Amino acid sequence: MGTTFDPWSPEFLADPYPAYAELRARGRVIRYEPTDQWLVPHHADVSALLRDRRLGRTYQHRFTHEEFGRTAPPPEHEPFHTLNDHGMLDLEPPDHTRIRRLVSKAFTPRTVERLRGYVHGLADSLVGGLVAAGGGDLLADVAEPLPVAVIAELLGIPEGDRAPLRPWSADICGMYELNPSPEVAARAVRASVEFSEYLRGLIAARRADPGDDLISALIAAHDEDDRLTEQEMISTAVLLLNAGHEATVNATTNGWLALFQHPEQLALLRADLTLIRTAVEELLRYDTPLQLFERWVLDDIELAGTVIPRGAELALLFGSANRDEEVFDDPTTLDLPRRDNPHISFSAGTHYCIGAPLARLELSASMRSLLTQAPTLTLASTPPRKPGFVMRGLEELKVTVA
């Protein structure tokens, strides 16, 4: 390709942004043979294509695998695809419209606001433990347990049942990377089976004895003759857990690493906590937790004079779009007070993240707690990055508190 874009290279994974700049300079759509995809690196194109109804997260509402020129997944992967294909993220209208409407009845701004006190209290408690210990792993001690507990609380998953949630989620999300290995696929299938069985039992319990939780609300949600099937409820709960914490964990650790690497910006934030709101948005832009969003071409499209045929797959590069020089002033600079910040870290269009308000609440709460309780927080060692490209995050983030 004549570029440094290589999603399996440790050098690229350490810092993909120079490669994105090369892609943007090369053109608006670039064929990438190793993944059989068309790369789309510019903000305007990514934003427009997220709203383009000639594209879809799935094609099975219109075509069979054979009609679309694609090979069906192997039968042994069926549990993963049953779980994944019934969630909003991988559906198109009319099913997506129906499910999102019903979920929105349960997942309201009032629901999120009801969690505000719980989120801030839990963030304060987790950060307090980190401070008392003189430091630790910011990922394992704060970034991860906060959103997992919040989503579990929202769904109504009892505290004693929560230990497997993060491992299940991590294994399922492994399938969203480019060309996952057979071992990764096997773990995703196993986690899909176990998580689905657990939720099937929890749904049965909530049918018999409803509570003040999202699963009970999903059971009750209906619109005229529409209601969620049991599989749709299971898939929705898994999607909310996976999307509701995976991106938040990575945004927290990516964000704090960026702050440590830009001490002048961290000092600015510590001196003025009113910057937290814009800081959260800028950190989501600067080192994007979801780097790529895939969409299928359902009808031939033309982009910058290039015809992309039906059956092709587009890789919309969120990480590149969020560094686009045509949209952001000085995009390689971390600027916490940045006001004009139309980042697309929460996607756009039909698949805009329904949990964005909750993610912002969690990110703001943990940031405020760390800034106020741990004003001497410092990076203890260079953190290792996760090996995946699509979901960009760290393996750990060791810190000290003087």
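This structure is a prediction, so every number in the text was calculated from the model and none was measured.
Listed for the Arg360 side chain is no donor-acceptor partner under 3.5 Å among the backbone atoms of Arg277. A donor-acceptor pair under 3.5 Å links the side-chain atoms of Thr253 to the main chain of Val249, judged by distance alone. Formation of a donor-acceptor pair under 3.5 Å by the Gln265 side chain with backbone atoms of Leu336 is found in this model. A donor-acceptor contact shorter than 3.5 Å is absent between the side chain of His77 and the backbone of Pro73. In terms of modelled atom types and a separation under 3.5 Å, the side chain of Glu177 and the main chain of Val390 share a donor-acceptor contact. The main-chain N or O of Asp137 is found under 3.5 Å from a side-chain atom of Asp141 such that the two form a donor-acceptor pair. Judged purely by atom type and a 3.5 angstrom limit, Ser192 has no side-chain atom pairing as donor or acceptor with the backbone of Leu83. Remark: the backbone N or O of Leu154 is not paired with any side-chain donor or acceptor of Asp213 at under 3.5 angstrom.
Using modelled atom types, one finds no donor on one side chain facing an acceptor on the other under 3.5 Å when comparing Asp335 with Tyr286. Defined by atom type and a distance below 3.5 Å, a donor-acceptor pair is missing between the side-chain atoms of Thr236 and Glu232. Side chains of His96 and Arg57: no donor on one and acceptor on the other come within 3.5 Å. A donor atom on one side chain and an acceptor atom on the other are found under 3.5 Å apart for Ser47 and Arg51. A donor-acceptor contact closer than 3.5 angstrom is absent between the side chains of Asn179 and Thr35. Counting only N and O atoms by type, the side chains of Arg24 and Ser320 include a donor and acceptor under 3.5 Å apart.
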Before giving the answer on side chain to side chain donor-acceptor pair (under 3.5 Å), spell out for Ser235 and Gln231 the whole-Å C-alpha distance, their side-chain angles and the decisive distance to 0.1 Å. CA-CA 6 Å; Ser235 296; Gln231 183 58 59; 3.0 Å; yes
For salt bridge (Lys or Arg N to Asp or Glu O under 4.0 Å), just list the numbers for Glu282 and Arg339, CA-CA rounded to whole Å, side-chain angles, deciding distance to a tenth of an Å, and then say yes or no. CA-CA 9 Å; Glu282 175 67 349; Arg339 294 288 178 179; over 6 Å; no
Quick one: do Asp330 and Arg338 satisfy salt bridge (Lys or Arg N to Asp or Glu O under 4.0 Å)? Show the steps, please. CA-CA 11 Å; Asp330 200 6; Arg338 188 186 296 269; over 6 Å; no
Would you sort out whether Asp90 and Thr58 count as a side chain to side chain donor-acceptor pair (under 3.5 Å), showing the intermediate values? CA-CA 6 Å; Asp90 283 86; Thr58 183; over 6 Å; no
Take His343 and Glu281 through the test side chain to side chain donor-acceptor pair (under 3.5 Å) and record every step on the way to the result. CA-CA 8 Å; His343 70 77; Glu281 303 303 320; 2.7 Å; yes
Go through the steps to decide whether Glu67 and Tyr59 satisfy the test side chain to side chain contact (heavy atoms under 4.5 Å, CB included), and finish with yes or no. CA-CA 10 Å; Glu67 290 170 340; Tyr59 53 79; over 6 Å; no
Let me see the working for Glu246 and Arg166 under salt bridge (Lys or Arg N to Asp or Glu O under 4.0 Å), right down to the final yes or no. CA-CA 9 Å; Glu246 191 74 30; Arg166 175 61 173 161; 2.7 Å; yes
Show, in sequence, the C-alpha distance, side-chain angles and deciding distance for Asn322 and Ser345, and conclude whether the side chain to side chain donor-acceptor pair (under 3.5 Å) test is met. CA-CA 8 Å; Asn322 283 341; Ser345 298; 3.0 Å; yes
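Nearest approach of Pro145 to Ala140, heavy atoms of both residues: CD-O, 3.3 Å. Shown here for His245 and Pro147, the closest heavy-atom pair between the two residues is CB-CB, 3.7 Å. Contact detail for Thr376 and Ala402: the closest heavy-atom pair is OG1-N, 3.2 Å. Of all heavy-atom pairs between Ser196 and Ile234, the closest is OG-CG2, 3.8 Å. Between Ile219 and Arg227, the shortest heavy-atom distance links the atoms O-NH1, 3.9 Å.
With contacts defined as side-chain heavy-atom distances shorter than 4.5 Å, the pair Phe68/Thr64 does not qualify. Under the 4.5 Å side-chain criterion, counting only non-hydrogen atoms from C-beta, Asp85 is not in contact with Leu91. When side chains are defined from C-beta on, Leu240 counts as touching Leu214, because their heavy atoms get closer than 4.5 Å. For the pair Leu316/Leu292, no side-chain contact is recorded, criterion being any heavy-atom separation below 4.5 Å from C-beta on. Counting heavy atoms from C-beta outward, Phe328 and Arg323 have side chains that stay 4.5 Å or more apart. Contact of the Asp212 side chain with the Arg114 side chain is registered, since non-hydrogen atoms from C-beta on lie closer than 4.5 Å. At least one side-chain heavy atom of Leu361 sits less than 4.5 Å from a side-chain heavy atom of His120. Counting heavy atoms from C-beta outward, Tyr32 and Pro34 have side chains that approach closer than 4.5 Å.
Under the ring-ring contact (aromatic ring centres under 6.0 Å, His included) rule, Phe389 has a single partner from Phe12, Trp8, Tyr176, which is Phe12. The residue from Thr288, Asp287, Asn250, Asn254 that alone fulfils the side-chain hydrogen bond (donor to acceptor under 3.5 Å, both in side chains) condition with Arg392 is Asp287. Partner of Glu92 under the salt bridge (Lys or Arg N to Asp or Glu O under 4.0 Å) criterion, out of Arg54, Arg98, Arg295: Arg295 alone.
Using a 4.0 Å cut-off between charged nitrogen and carboxylate oxygen, Arg100 and Asp95 do not count as a salt-bridge pair. Note on Arg31 versus Asp36: salt bridge recorded, some NZ/NE/NH1/NH2 to OD/OE distance being below 4.0 Å. Classification of Glu194 and Arg187 as a salt-bridged pair fails, no side-chain N sitting under 4.0 Å from a carboxylate O. Remark: Arg110 does not engage Glu113 in a salt bridge, criterion side-chain N to carboxylate O under 4.0 Å.
Thr278 OG1 to Asn341 CG: the interatomic distance, rounded to the nearest 0.5 Å, is 8.5 Å. Rounded to the nearest 0.5 Å, atoms CG (Leu138) and OG1 (Thr252) are 7.5 Å apart. Distance check: Leu266 CG to Leu379 CG gives 11.0 Å after rounding to the nearest 0.5 Å. Once rounded to the nearest 0.5 Å, the distance linking CG of Leu290 with OG of Ser347 reads 8.0 Å. To the nearest 0.5 Å, atoms OG1 (Thr350) and CE (Met88) are separated by 12.0 Å. In this structure, NE2 in His43 is found 13.0 Å from CG in Leu317, a value given to the nearest 0.5 Å.
Ring geometry, Tyr20 versus Phe5: the interplanar angle falls from 30° to 60°, so the pair is classed tilted. In this structure, Trp168 and Tyr198 have tilted ring planes: the angle between them lies in the 30° to 60° band.
Annotation: Glu264, atom CD; neighbour count of heavy atoms from other residues, nucleotides and ligands within 6.0 Å is above 12.
Both tests pass for Arg310 against the ring of Phe63: distance under 6.0 Å to the centre and angle within 45° of the axis.
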